[in-house]
Amino acid sequence: MNNPKRYLITSALPYANGLKHIGHLAGAYLPADIYVRYLKAQKRDVVFVCGSDEHGTAIPIQATKEGTTARAIIDKYHPVMAQNFKDLGIAFDIYHRTSDPIHHSTAQEFFTRLNDNGDLEIKETEQYFDEEANSFLADRYIRGTCPNCGYTNAYGDQCENCGKSLSPDELINPVSTLSGKAPVKRTTKHWYLPLNRHEDFLRNWILKEHASDWRSTVVGQCKSWIDGGLQARAVTRDLDWGISLPDSVEGGKGKVLYVWFDAPIGYISATKQWALDNGKDWRPYWEDKETQLVHFIGKDNIVFHCIIFPVMLKLHGNILPDNVPANEFLNLEGDKMSTSRNWKLEMQDYIDDFINKENGGSQMADVLRYYLTLIAPETKDSEFTWKGFQEANNSELVSIFGNFVNRALVLMHKLCKGKVPPLHADLLTDLDKTTIAEFQATKEKVESLLEQYKFRDALFEVINLARTGNQYMQKKEPWIVAKQTTENGQLTVDAQQSIDNTLHICLQLCANLAVLINPFLPFTARKICYLLKVVDKMLDWENAGKIKLLSVGYSLRAPELLFRKIEDSEISYQLEKLQASIVDREASDVNKEKIMEEEKKSETSNLKPEIVFDDFAKIDLRVGTIVSAEKVEKADKLLKLSVDLGFETRTIVSGIALHFTPEEIIGKQVTVVVNLAPRKMRGIESNGMILMAEDNAGKLYFIKPEEAIDRGSTVS
RNA sequence: GGCGAGGUAGCUCAGUUGGUUAGAGCACAGGAUUCAUAACCCUGAGGUCACGAGUUCAAAUCUCGUUCUCGCUACCA
């Protein structure tokens, strides 16, 4: 969109169940903030919204973990996250929260409109129900054995141990965390968003219209989803934490909006609240086609912001995003960042260790902003290393940028009496002119790159201008020129004029640097303004490229350093701290194992319901011998076995391929449930089930007779 | 297993529609300098563009295969 009337910029709503790390910052918040600061410096009409995502089942779960209420959890994390962003210079126009009444009403209205228009479908499904607690169970309230790694305490939506995402049906031996009992299946009614109806729209909109201006990772992932077949997606849940369905909806009692549905609507309600606070009208931002909507997110959020939310917006009659510049992931010191594995650098930790220290201050926020922009995962996963952080600071921010500003000010005080020297226009050399021309050239490059969301390259251009400044100063050598004195020790007129021109240009360059660096390093830009004794208004983007930002004869402040060096000791401290967190984690693993053991014990007292002998007798167990085994094609975990039971040889499909190779199990005797109803897996009919035992580590063992016995022997 | 993104100098990354000797910054080496935070400036070294075929006058770039990393997704009685 060329020259839109107004901009609406969003950053992914962080989930209010814990502190966020610098991967989140680099992915969704920092680039958005840079973009917004750039637009605002251009005096564009722009609103930057974000807020805490406070619904979903992880919140009450976290509450249980911390022994408190869901409300207390969000009230605890929301202000901390808001403060973290503020400390790091992320300047949202509003940092809202989805627990706010205005959000509840907005989300309910949104649902109602879609429902009234017939854009939702209602389906009845079976879901796990806890009879004792008299409640349907959200995925997170069901725990059981992970089918992937055998971890016995996996959640219904994801296994914390191996990270695999699950559905409750996949869990082995599911247990309700409310009562500790095994849940039962019960029918329930839910509203669905039929994405499948919108395939043509999505194909056209993403794969055609935005094939070239969206990032390839984003288009690729969307294509993958669309080609995979779009499914109707449940919009409601049986849960008590979240946004209730409107009372007017029949059969909606006890149900809430699924968090994925309400969260992005949070962008809208945040805009409403901002408008209320500022006496504005929120509607044009979401309804006028001349608004450019941009969502900044991490790659894990692509599907929601490019497929699901746009469908919702279209149905509801809102504008669609103009771009969704999703970032890839940021790794840390050679490994993926992960909250559960404790391998991370939280914003709070950085703030504590670098900003809120004696030698810290908000300049240190800019250092992090600088390095994260430098290594931003714009096209592929990238890596944060403490060594890289130190080098970026010491050899670029300190040595090139900070040093240029400092030497310009120091020389000015020494050679120009602390005042901005005049510019003798008739004496400008070619070098002076080309250097001045660089101001404007850099401005244009930065603009062009920022508008393509290429933040890393844009920042490089600014630093490069500082580098140009150093080169310029080196060639002009004002400190040498200052030695051209007359016999009585006075500086010659020529020499003074040369020095005047050189330093005038260097100082104007400093002012330009402040304007250009402002979107990236806002604290630094303001500090330069302070040193140059100009008001922040100078930072308006239209001033970039100009040579008349500072008035001749104006006296400036004594130089102060913009950045300090980061010592080796600070880096090694951080590395040790990171290593220590793993040790902690291992210690907590030991605890986890203890917990698991205790849970195992409690499982023995929490057995499955009692059955009578007849129930057991229904099961026909036989001993058989595996005569052949092969991997099932297109399945990682399945082996197709032929088992000789004496009276017949059967085909049985078993999910043990990750534990055993076909060769090593041929000839083994096994125990088989022979009267289990046949079931097709990956197109192959399985006629029975091999009995396996599983240890704490998730390792599988065959249940078999101590000595080889006749095939077909019964087991009872 | 399927799909998507990626693999380019020691490190972090660029390489537009295939077109001379593949680029930048940092780190490294040598030189110069001293206004400046042992900073700056100049010069240099460095890469079988993951691997193997193919198309072409010409391939980092296009096609096919192999392999590794990350993400999404399927199979688990």
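First the proteins, then the strands, lettered A, B, ... as listed; each starts at 1. All heavy atoms count here, side chains included; hydrogens, waters and symmetry mates do not.
- Comparing the P positions of B/rG47 and B/rA24 gives an interatomic distance of 15 Å, to the nearest angstrom.
- Between A/Gln474 atom CD and B/rU43 atom P the separation is 13 Å, expressed in whole Å.
- For the pair A/Ile34/A/Thr373, a side-chain contact is recorded, criterion being any heavy-atom separation below 4.5 Å from C-beta on.
- Residues satisfying the salt bridge (Lys or Arg N to Asp or Glu O under 4.0 Å) test with A/Glu451, not counting sequence neighbours, are none.
- Taking the P atom of each, B/rA14 and B/rA9 are spaced 12 Å apart, rounded to whole Å.
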Given A/Asn327 and A/Arg215, is the side-chain hydrogen bond (donor to acceptor under 3.5 Å, both in side chains) satisfied, shown in steps?
CA-CA 9 Å; A/Asn327 273 329; A/Arg215 289 183 180 170; 2.9 Å; yes
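- Nucleic acid contact class of A/Val398 (heavy atoms, under 4.0 Å, all strands): base.
- Across B/rG7 and B/rA74, the matching P atoms stand 28 Å from one another, rounded to whole Å.
- With distances taken from any side-chain atom of A/Trp225 to the nucleotides B/rC72, B/rU12, B/rA27, the minimum falls on B/rC72.
- Taking atom CG of residue A/Asp457 and atom C1' of nucleotide B/rU16, one finds them 13 Å apart after rounding to whole Å.
- Remark: A/Lys380 is in phosphate contact with B/rG7, judged by side-chain N or O atoms under 4.0 Å from OP1 or OP2.
- Residues that satisfy the salt bridge (Lys or Arg N to Asp or Glu O under 4.0 Å) test with A/Asp335, not counting sequence neighbours, are A/Arg341.
- The side chain of A/Thr217 lies closest to B/rA5, out of B/rG4, B/rA5, B/rC40.
- Residues A/Lys454 and A/Leu562 each lie close to RNA chain B; by heavy-atom proximity, the contact nearer the 5' end of the strand is made by A/Lys454.
- B/rC41 and B/rG4 are spaced 47 Å apart, taking the C1' atom of each and rounding to whole Å.
- B/rC11 atom P lies 11 Å from atom CD of A/Glu383, rounded to whole Å.
- Relative ring orientation between A/Phe384 and A/Trp386 is described as perpendicular, the plane-to-plane angle rising above 60° on a 0-90° scale split at 30° and 60°.
- Distance, A/Glu396 CD to B/rC13 P: 13 Å, rounded to whole Å.
- A donor atom on one side chain and an acceptor atom on the other are not found under 3.5 Å apart for A/Glu444 and A/Ser448.
- Of the candidate nucleotides B/rG25, B/rU37, B/rA14, B/rA14 has the atom nearest to the side chain of A/Arg456.
- Separating the CG atom of A/Leu465 from the P atom of B/rA24 is a distance of 19 Å, rounded to the nearest angstrom.
- For A/Phe460, the listed nucleotide lying nearest its side chain is B/rG25; candidates were B/rG25, B/rC70, B/rU34.
- Per the geometry, CG belonging to A/Asn470 stands 13 Å off C1' belonging to B/rC42, to the nearest Å.
- With C1' as the reference atom, B/rA5 and B/rC57 are 34 Å apart, rounded to whole Å.
- Heavy atoms of A/Lys414 sit under 4.0 angstrom from primed sugar atoms or phosphate atoms, though from no base atom.
- Distance, A/Ile206 CD1 to B/rG4 C1': 14 Å, rounded to whole Å.
- Checked against the 6.0 Å centroid threshold, A/Tyr258 and A/Tyr192 do not count as a close aromatic pair.
- Taking the ring centre of A/Phe329 as origin, the terminal cationic atom of A/Lys299 falls inside the region bounded by 6.0 Å and 45° from the ring axis.
- Using a 4.0 Å heavy-atom distance criterion, A/Thr385 is classed as making no nucleic acid contact.
- A sub-4.0 Å separation between OP1 or OP2 of B/rC72 and a side-chain N or O of A/Lys223 is absent.
- Taking for each of A/Asp381 and A/Gly402 the nucleotide of RNA chain B with the nearest heavy atom, the 5'-most of the two is the partner of A/Gly402.
- In this structure, of B/rU37, B/rC41, B/rA36, it is B/rU37 that holds the atom nearest to the side chain of A/Leu561.
- Comparing B/rU37, B/rC26, B/rA5 by their nearest atom to the side chain of A/Ser216 picks out B/rA5.
- Listed pair A/Gln471 / B/rC42 meets the phosphate criterion, a side-chain N or O lying under 4.0 Å from OP1 or OP2.
- Comparing B/rU12 with B/rA27, their C1' atoms are spaced 11 Å from each other, to the whole Å.
- For the P atoms, the distance from B/rG25 to B/rA58 is 34 Å, rounded to whole Å.
- Both key distances under 3.5 Å define a Watson-Crick or G-U pair, and stretches of 3 or more such consecutive pairs in RNA chain B run B:1-7 with B:67-73, B:10-13 with B:23-26, B:28-31 with B:41-44, B:50-54 with B:62-66.
- Across the C1' atoms, B/rG10 and B/rC35 are found 34 Å apart, a figure rounded to whole Å.
- Taking side-chain N and O atoms only, A/Arg467 has a distance below 4.0 Å to OP1 or OP2 of B/rC26.
- Contact annotation: A/Lys336 does not reach the phosphate of B/rU69 (side-chain N/O to OP1 or OP2, under 4.0 Å).
- No side-chain heavy atom of A/Tyr371 sits less than 4.5 Å from a side-chain heavy atom of A/Val367.
- Closest to the side chain of A/Ser395, out of B/rU33, B/rA27, B/rC70, is B/rA27.
- Nearest to the side chain of A/Lys299, among B/rU37, B/rA36, B/rC70, sits B/rC70.
- Side-chain N/O atoms of A/Tyr370 and A/Glu396 include a donor and acceptor closer than 3.5 Å.
- Rounding to whole angstrom units, CG of residue A/Leu330 and P of B/rG71 are separated by 14 Å.
- Closest to the A/Asn403 side chain, of the nucleotides B/rC41, B/rA39, B/rC35, is B/rA39.
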